[in-house]
Amino acid sequence: MIRFAMLLTMICAAVAAAAQKGSVVSVPTRPVLDVADILPDSVAIEGTTQGFAMHGRYAFSLHDGGMCVAIDMKRRRFVGAFRLDGYTGHCNNASFGAERYDRRSRFPLLYVSECRGGRACYVHDVTTEGSRLVQTIRYDGEECTGPMDWCVDAPARMIYIYCTIGKIRMFKRFRLPRLSDSDARGEVRLRPEDCLGSIPVGDVAIPQGSMIRGRLLYLPDGLPSRDRRLHIVDVVTARPVALVDLNSIEYEPEGLAAKGRRLYMSFHTTGDPRRNRIYRFDLR
């Protein structure tokens, strides 16, 4: 079977040619699900759609304020809705890690970005019915300004900070802390000297979610009132690989996740938190 990263080669060739003309490329997309269509009338959803993570057949759609909607993507079925334990932040990004809380845990740990305020990463042992907060990761450096997100590369056991340093969008790489690294308060504090390297990630006007798969970094960008694009960057060389046009989709891009050869992106609909639109991108 062709590996996921190889499916980008045709896009990359097209982007290389298009880049010389200062343009972006379009790729086939299809709407997969409007979550409002499967939500029971009795389930109230609060907060705008934000981060998005998938594991196996299940997707977890996060909302501003800490609400989470669990979805069976294979059956297009609502599974559950709950508020994250001990957390009411923006939930701008979400990704699964490598470690599980214990042998009974159904899913790996879920890492959720606060984004604003303390800009911490909140780590949850999650089920389709609820979660418990098991660790908080903070960064002690002062060079990052404005909102800050966290993105996990589970196979490599790395965690990245997505931030702005001197008006430049940057990704800073750290070893992914284990639960056993937590102090008595359940916290881990990363320091500037813990950073294993950083890269600039290009001209991202309005950062949304982020995802790393292999050596490729995926960064949605923009709002409905402005251009919407998906930046694809080589995380090793910091070279832009592709710039995908999202303007054919009228909603605001948020979190994204991959399953097999497919890339899924979550979009929020202004003024209606129930209408979380999920699209699939065909990168072949």
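When reading the values below, keep in mind they use all heavy atoms of this one structure, side chains included, and skip hydrogens, waters and symmetry mates.
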query = For E129, does the CD atom sit with more than 12 other heavy atoms under 6.0 Å from it, leaving out its own atoms?
reply =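 Buried by this count: over 12 neighbours within 6.0 Å.
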task = Please say whether more than 12 non-hydrogen atoms of neighbouring residues, nucleotides or ligands are located less than 6.0 Å from CZ in F82.
result =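 Counting neighbours around CZ of F82, more than 12 heavy atoms of other residues, nucleotides or ligands fall under 6.0 Å, so yes.
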Would you say the side chains of [X] and [Y] form a donor-acceptor pair under 3.5 Å?
X	Y	result
D125	S105	yes
D85	S131	no
Q50	Q208	no
T127	R106	no
T49	E254	no
H90	E114	no
N276	S61	yes

Shortest non-hydrogen separation from [X] to [Y] and the atoms involved:
X	Y	answer
A94	A53	O-CB, 3.8 Å
G222	P253	O-CD, 3.8 Å
G209	L256	C-CD2, 4.2 Å
H63	P273	CE1-O, 3.2 Å
P200	M170	CA-SD, 3.5 Å
P108	G97	CB-O, 3.3 Å

How long is the straight-line distance from [atom2] of [Y] back to [atom1] of [X], given to the nearest 0.5 Å?
X	Y	atom1	atom2	result
E252	R277	CD	CZ	13.5 Å
M73	R76	CE	CZ	5.5 Å
H124	L109	NE2	CG	10.5 Å
R30	I278	CZ	CD1	12.5 Å
L223	I206	CG	CD1	3.5 Å
L190	R138	CG	CZ	11.5 Å

Salt bridge [X]-[Y], side-chain N to carboxylate O under 4.0 Å:
X	Y	value
D227	R229	yes
K74	D72	no
E250	R228	no
D221	R169	no
D140	R191	no

message = Going by side chain to side chain contact (heavy atoms under 4.5 Å, CB included), L217 matches just one of V236, V201, I232. Which one?
response =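 The side chain to side chain contact (heavy atoms under 4.5 Å, CB included) with L217 is passed solely by V201 among V236, V201, I232.
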Polar side-chain atom of [X] near backbone of [Y] as donor-acceptor pair, under 3.5 Å:
X	Y	answer
S113	W150	yes
R119	G146	yes
T128	V79	no
R262	A257	no

inquiry  = Is the positively charged end of R275 above the ring of F267, judged by distance under 6.0 angstrom from the centroid and angle within 45° of the axis?
reply    =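 Pair R275/F267 does not count as cation-pi.
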With heavy-atom distances below 4.5 Å as the criterion, would you say the side chains of [X] and [Y] are in contact?
X	Y	result
N92	P207	no
V35	I71	yes
P224	Y251	no
I159	D153	no

task = Decide if the gap between the ring center of Y111 and the ring center of F96 is smaller than 6.0 angstrom.
result =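 Ring-ring flag for Y111/F96: false, centres at least 6.0 Å apart.
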ask   = Parallel, tilted or perpendicular: which describes the rings of F60 and F107, with under 30° parallel and over 60° perpendicular?
value =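 Perpendicular.
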query = Can you list every ring pair (Phe, Tyr, Trp, His ring centres under 6.0 Å) pair that touches residues 171-203, not counting sequence neighbours?
reply =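 Sorted result for residues 171-203: Y139-F174, Y160-F171, Y162-F171.
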task = Apply side-chain contact (heavy atoms from CB on, under 4.5 Å) to the pair C91 and D64, showing each step before the final yes or no.
result = CA-CA 6 Å; C91 300; D64 179 52; over 6 Å; no
inquiry  = When you group the ILVMFWY residues by side-chain heavy-atom contacts below 4.5 Å and let the links chain together, are V241 and L230 in the same group?
reply    =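 L230 and V241: one cluster.
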ask   = Under the ring-ring contact (aromatic ring centres under 6.0 Å, His included) test, which residues partner Y264, sequence neighbours left out?
value =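 Y264 satisfies ring-ring contact (aromatic ring centres under 6.0 Å, His included) with no residue once adjacent residues are dropped.
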message = Apply salt bridge (Lys or Arg N to Asp or Glu O under 4.0 Å) to residues K172 and E143 and explain how you reach the verdict.
response = CA-CA 11 Å; K172 298 172 66 70; E143 72 277 19; 3.2 Å; yes
